Undergrad: 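Let me begin by handing over the structure; questions about it come next.
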Protein chains: 2
Amino acid sequence: MRKNQNAAIRKPEILESYYQVLIQQGFEGTSISKIAKHMDIHPSLIIHYFKNKENMKLELIDLLIEKYKSPDMISFEYIEDDEDRFNAFIDTLFSFEWSRTVDPGIHFGFYYLSFRNKEIQRRFKRMFVWLRDHIQEQLIYFNSRHIIDVRDEKQAADLIITLMEGLEFHSHFLSDGQSFDTFSQIAKKSVLDILKK
Amino acid sequence: MRKNQNAAIRKPEILESYYQVLIQQGFEGTSISKIAKHMDIHPSLIIHYFKNKENMKLELIDLLIEKYKSPDMISFEYIEDDEDRFNAFIDTLFSFEWSRTVDPGIHFGFYYLSFRNKEIQRRFKRMFVWLRDHIQEQLIYFNSRHIIDVRDEKQAADLIITLMEGLEFHSHFLSDGQSFDTFSQIAKKSVLDILKK
DNA sequence: GTTCATTAACTGTATGTTCAGTTTATATTG
DNA sequence: CAATATAAACTGAACATACAGTTAATGAAC
């Protein structure tokens, strides 16, 4: 058993374990002592680092949002051709990999908690506004290059996010055995129809 | 305090209280004794009727799904003109009232639980397949009457549900002060664009 | 007089958190 | 460089509380 690591190492370690237990057990089934057992440390140590469970939850959200915002996944400045760049952008937004940046069960869990926890809601709002702004910015560029033809780029960005999230949901409840990609293709095509007129 | 009611009255009464406490406190904050206190009965009585908490949860889901399926909200056979009937149908699917048949916080909560609880997942799948089938059926009719023009009605129904659910999500995180209806109009317009070509 | 509604008194367990204390790493000083 | 101070990492035990669920008993009703 390792000893005397510091906060910079231990805190992410604990959050990672928290995340893993969360995936397996959900919020109802995840306690401090279970997380501690999972990584073979004493429960008190978790309190020592995070003060309480609520803080730990918020810090996990921050971590996951940072993961989600990872810029290398959604910026394609290296692609010269505008049409190619646009396609890469849309493909990524509707890709399985992108949708699984965070475990969908946990994703939904935090959505749910945001209804009663204003702190969580604030963080999620900030994240989605960031995503919307980013998409909007891209659409403005592609619009100026006549790759697409939309009047209101913000509205279009809203619609894209709406479809992305609906897609996540659809794949959970309505995809009868088919893969994620089958329906994502259909959603994507609808978006292109709308963007390209 | 009333006494000696029977199961046919008491069980729905308890489920209603369960639902109310759930809206205010969420799943984490809802215990059997809290529900009992809310309706001024003894906690054991709840166990007496439902045997355990899990059963009560499932029975609540069944009740809410029945509410959701309430046929008078989504059948418009009384409207003679096909165009009018179609519009009434689409308007309802994207209406605030329809989206609030069940409290959205609870809705999300059950989605979330369905990731780890197969029994809940089964019920939700059944409900959404039912809804999809219903929409598909309607689309087939409207297609035959040339009100819309779609090749694959099932795909179209999938897309409508995806947008409906995404809309719920959007209104929670991205509607900056505007009402539900503002963006629902946009989503609806996109659907019509796709259905009508 | 049996069946069902209801309460009362419990049980065992898991929870988050506190507290008191020990060990280790690091910085400061002589 | 060694001695010391200080803060941080970590452990163990104990806490009050809340939880779902059990069992037994009382009361009313067909």
Side-chain angles (χ1 to χ4, degrees), chain A residues 1-61 106 109-110 112-113 116-117 119-120, chain B residues 1-61 106 109-110 112-113 116-117 119-120:
Chain A
M1 183 166 54
R2 286 173 299 182
K3 270 193 174 188
N4 283 327
Q5 314 200 36
N6 61 29
I9 299 175
R10 260 287 145 93
K11 286 185 75 172
E13 236 178 58
I14 294 174
L15 289 179
E16 179 58 29
S17 275
Y18 184 21
Y19 184 50
Q20 292 304 327
V21 177
L22 223 37
I23 290 176
Q24 287 165 24
Q25 318 260 8
F27 284 98
E28 325 80 60
T30 299
S31 66
I32 289 181
S33 47
K34 277 187 193 167
I35 301 164
K37 206 162 279 173
H38 182 264
M39 57 193 305
D40 204 32
I41 58 168
H42 204 276
S44 303
L45 192 57
I46 293 176
I47 297 287
H48 167 68
Y49 280 118
F50 294 96
K51 256 188 80 178
N52 57 48
K53 211 188 177 188
E54 181 67 15
N55 271 330
M56 183 170 56
K57 206 186 276 177
L58 294 176
E59 291 206 28
L60 178 60
I61 293 181
I106 309 305
F110 281 124
Y112 162 67
L113 290 178
R116 254 151 244 101
N117 187 319
E119 207 52 53
I120 294 181
Chain B
M1 185 165 51
R2 285 171 300 183
K3 273 192 173 182
N4 283 335
Q5 313 197 36
N6 61 31
I9 300 176
R10 260 288 143 90
K11 286 185 74 174
E13 242 178 51
I14 294 174
L15 289 179
E16 178 60 29
S17 276
Y18 184 21
Y19 184 49
Q20 292 305 327
V21 177
L22 223 37
I23 289 175
Q24 288 164 26
Q25 319 261 10
F27 284 98
E28 324 80 59
T30 299
S31 66
I32 289 179
S33 46
K34 277 186 193 168
I35 301 164
K37 207 161 280 173
H38 182 263
M39 58 193 304
D40 203 31
I41 59 168
H42 202 276
S44 301
L45 192 57
I46 293 175
I47 297 288
H48 167 67
Y49 279 118
F50 294 97
K51 257 186 80 179
N52 57 50
K53 211 188 178 188
E54 182 66 15
N55 271 330
M56 184 169 57
K57 204 185 278 178
L58 294 175
E59 291 205 29
L60 178 61
I61 293 180
I106 309 305
F110 281 124
Y112 162 66
L113 290 177
R116 252 151 246 101
N117 187 319
E119 207 51 55
I120 294 181

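Note that the coordinates shown come from a computational prediction; the quantities given were computed from them, not determined experimentally. Chain A is the first sequence line, chain B the second, and so forth, proteins listed ahead of strands; every chain is numbered from 1.
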Undergrad: May I have the distance from A:Lys51 (atom NZ) to D:dA8 (atom P), rounded to whole angstrom?
TA: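 After rounding, the gap between these two atoms is 15 Å.
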Undergrad: Figure out the CZ/C1' separation between A:Phe50 and D:dA9, and round it to whole Å.
TA: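 So the two atoms are 14 Å apart, to the nearest Å.
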Undergrad: Expressed in angstrom and rounded to an integer, what is the separation of A:Leu45 atom CG from D:dT11 atom C1'?
TA: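 One finds 9 Å between C1' of D:dT11 and CG of A:Leu45, rounded.
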Undergrad: Rounded to whole Å, how long is the line connecting atom CG of B:Asn55 with atom C1' of D:dA20?
TA: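 Taking atom C1' of D:dA20 as the reference, CG of B:Asn55 is at 13 Å.
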Undergrad: Report the distance from atom CD1 of A:Ile9 to atom P of C:dA25, rounded to the nearest whole Å.
TA: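 Result: 12 Å.
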Undergrad: Can you run down the side chain to side chain donor-acceptor pair (under 3.5 Å) pairs that involve residues 23-36 of chain A, sequence neighbours left out, and say none if there aren't any?
TA: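 Applying side chain to side chain donor-acceptor pair (under 3.5 Å) to every pair that reaches into residues 23-36 of chain A, excluding sequence neighbours, yields A:Glu28-B:Tyr112, A:Ser31-A:Ser33.
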Undergrad: Rounded to the nearest angstrom, tell me the gap between atom NZ in A:Lys37 and atom P in D:dT11.
TA: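 Between P of D:dT11 and NZ of A:Lys37: 15 Å.
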Undergrad: For nucleotides 9-16 of chain C, just jot down a letter per nucleotide in 5' to 3' order: B, S or -, based on protein non-hydrogen atoms under 4.0 Å.
TA: B-----SS
Undergrad: Using whole Å, report how far CE of B:Met39 lies from C1' of C:dT7.
TA: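 So the CE-C1' distance, B:Met39 to C:dT7, works out to 15 Å.
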Undergrad: Examine D:dC10: is either OP1 or OP2 under 4.0 Å from a nitrogen or oxygen in the side chain of A:His48? Give yes or no.
TA: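 Negative; the distance criterion is not met.
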Undergrad: Heavy-atom contacts under 4.0 Å between residues 16-26 of chain A and DNA chain D, which residues?
TA: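 Per residue number, the list is empty: none.
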Undergrad: Please check if the distance between the ring centroids of B:Phe50 and B:Tyr18 is under 6.0 Å.
TA: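 No; B:Tyr18 has its ring centre 6.0 Å or more from that of B:Phe50.
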Undergrad: Heavy atoms, side chains only, cut-off 4.5 Å: are B:Phe110 and B:Leu60 in contact?
TA: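 Of all side-chain heavy-atom pairs linking B:Leu60 with B:Phe110, at least one is under 4.5 Å.
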Undergrad: Determine: side-chain N/O of A:Arg10 to OP1/OP2 of D:dC10, distance under 4.0 Å, yes or no.
TA: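 Yes.
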Undergrad: For A:Glu16, what residues pass the salt bridge (charged side-chain N to carboxylate O under 4.0 Å, His left out) criterion, not counting sequence neighbours?
TA: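 For A:Glu16, no residue satisfies salt bridge (charged side-chain N to carboxylate O under 4.0 Å, His left out) once neighbours in sequence are set aside.
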Undergrad: Just do the side-chain contact (heavy atoms from CB on, under 4.5 Å) check on A:Ile35 and A:Ile41 with the steps written out, would you?
TA: CA-CA 9 Å; A:Ile35 301 164; A:Ile41 58 168; over 6 Å; no
Undergrad: Using the salt bridge (charged side-chain N to carboxylate O under 4.0 Å, His left out) criterion, which residues pair with B:Lys11? Sequence neighbours excluded.
TA: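 Applying salt bridge (charged side-chain N to carboxylate O under 4.0 Å, His left out) to B:Lys11 gives B:Glu59.
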Undergrad: Holding to side-chain contact (heavy atoms from CB on, under 4.5 Å), I want the full list of residues that pass it with A:Ile47, two or more places apart in sequence or in another chain.
TA: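 side-chain contact (heavy atoms from CB on, under 4.5 Å) list for A:Ile47, sorted by chain: A:Ile32.
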Undergrad: Verify the contact: side-chain N or O of B:Tyr49 to OP1 or OP2 of C:dT6, cut-off strictly under 4.0 Å; return yes or no.
TA: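 Answer yes for this pair, as a side-chain N or O of B:Tyr49 is under 4.0 Å from OP1 or OP2.
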Undergrad: Any side-chain heavy atom of B:Ile61 sitting closer than 4.5 Å to one from B:Glu119?
TA: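 No, every pair of side-chain atoms sits at 4.5 Å or beyond.
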